[in-house]
Amino acid sequence: MAEAYANLHSFHDSGEPTDVHHGRPQVTFRKRRENENAAEVGHTQDADNANATDAIEIIVYFPDNTGVQVKVKDGQNIEAGELFEVVKEVMGFPDVAREVFSLWLVSDLLELQLRPNHVPFKLVCYWEELLEKYTTAPEEHIQRDEPVILFKRNVFCPRASDKTLNSTELLRYLYSEAKKNILIGRYPLGQEECDSQAGIQAVITKKEKKEEFSEDSTFGTAPFFKSRLNDFLPPHFCRRHWIYKTRENPERRLAEKYSTASKDCRSLSLNELYLRYLELCHKQPYYGSAFFRGQAEHPTKGILSKYLSTKDDPVYVAINIDGAFIIDMDDFALLIGFYYENLSWRFVEVSQNANNPNPNCLPCLFLQFPSEDRPNETKLLQIFSREAFLMDNLIEACVVLKRATGSTRNPDDCRTINGKGSLAETFNRLALMTFSGDGKKMLRSTVRRPKQIPTTAEPSASHSVQLP
């Protein structure tokens, strides 16, 4: 363990910049089928007067479930940077889109933000190999998985850049992406915050779809929300009270929040409404993150702790330009977060036995941070994940970028972020190791071997991949 402690990377380490990008897009390659209905695609455009013999059609999707279809000459070899420029030109996006957005290759099992020199078609050809390397999905799910190209937020873009946008389309994409992350639990907001966001969302929905809801007298009422709860709230906040506390039922809460939001936002334009919705999201430390799935050990306590095996909790490791944040996937709660200025890390690969290799053994990522109550001590958190190597690459890329731009935080703003409750309560939910200033391990904490994947594990709903 002394070696692991000594070789942890730190924000303050020196090093050459590495060309690493992380993300996830959606891309669909195809030749036009006869009589095919492409009504869901908002735009169709031929690029460079491509003729039908050597051109393929590529659909690039947007976070608001719309898309653009372009016919590209020599599409099998087009690079992501070139395709981005084609989409930008066809859609008439301003130049700032290059900074805020990127193309991602996305499927149910894997997410990949493309570098400008990546060739999407070639990556699709190797998609199964990527799934086998970076996911724990069974073979039948891997064979059915198909990626698409998605135009979405660049993981390396600082959140302040969002406010520089004045394009309604681009702001709608940011709003749609943030809304989805709230609804699926990646942004673990509290109930009051989710209700408030849902109220603003309802105001936006009515403004976007004036014709559809202009004659609907029930819009914004409890009956209206009752049949659409999943469109406005994450599932864990949609539970209803059948006998007691009926006033706390989600449809009534949403009706009240909509009434408040409609009054407060009465004079706001659609662009201002999008920014109002994003305002709360920008305050969350994990905003704009790439999300990885992992496992963190949950400490066993009590008299029988010596005899009971420890269990692992499924977690998201959310990584953005500011830091790394651990989110409980079962309780939808932020457990702990670290800004890079106070974080050291190390990736540990699985050591395979040549005589008995185990392909299901998980590598791990160590995250080390200072103890706030004892300045001479540090804490070490161990995350098990098939994607640990990718997390390591993304953290390094973000740290290199921050060094290059000089965008470091004030030391007073770099304290460890805890979720609900005190840091002590957070530590009780995570198995942490404690070290003294000279690197000696303290307390009765252990570093476990990389954990094997449970044989009954379900396929991940989404995985984020960083190509080296």
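Quick caveat: nothing in here was measured; it's all calculated off a predicted structure. The analysis underlying the following values was restricted to heavy atoms, covering all of them including side chains, and did not include hydrogens, waters or symmetry mates.
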* Report the C-alpha separation of D162 and Y287 in whole Å, then their side-chain angles, then the decisive distance to 0.1 Å, and conclude whether the side chain to side chain donor-acceptor pair (under 3.5 Å) test is met. => CA-CA 11 Å; D162 293 2; Y287 175 76; 2.6 Å; yes
* salt bridge (charged side-chain N to carboxylate O under 4.0 Å, His left out) involving K88 - partner list, sequence neighbours excluded -> D95
* To do: Kindly write out the residues that satisfy side-chain contact (heavy atoms from CB on, under 4.5 Å) with E89, not counting sequence neighbours, or none if the list is empty.
  => none
* Should the pair D322-R159 be classified as a salt bridge under the 4.0 Å nitrogen-to-oxygen rule? -> yes
* List in chain and number order the residues that pass ring-ring contact (aromatic ring centres under 6.0 Å, His included) with F224, two or more places apart in sequence or in another chain; answer none if no residue qualifies. => F213, F219
* Answer yes if the side chains of S269 and N271 hold a donor-acceptor pair under 3.5 Å, and no otherwise. => no
* Say whether, by atom type as modelled, one donor and one acceptor occur between the side chain of T135 and the main chain of E132 under 3.5 angstrom. => no
* All salt bridge (charged side-chain N to carboxylate O under 4.0 Å, His left out) counterparts of E85, not counting sequence neighbours -> R98
* Asked: How about E146: does its CD atom have over 12 heavy atoms from other parts shown lying under 6.0 Å from it?
  -> no
* Sequence neighbours left out, what passes ring-ring contact (aromatic ring centres under 6.0 Å, His included) with F325? Give chain and number order. => none
* Report yes if some heavy atom in the side chain of K206 is under 4.5 Å from a heavy atom in the side chain of S262; otherwise report no. => no
* To do: Test the R153-Y173 pair against the cation-pi criterion, namely NZ or CZ under 6.0 angstrom from the six-membered ring centroid and within 45° of the ring axis.
  => no
* Structure fact -> Shortest non-hydrogen pair, C364 vs F384, comes out as CB-CD2, 3.9 Å
* Could you tell me which residues satisfy salt bridge (charged side-chain N to carboxylate O under 4.0 Å, His left out) with K257, sequence neighbours excluded, listed by chain and number? => E192
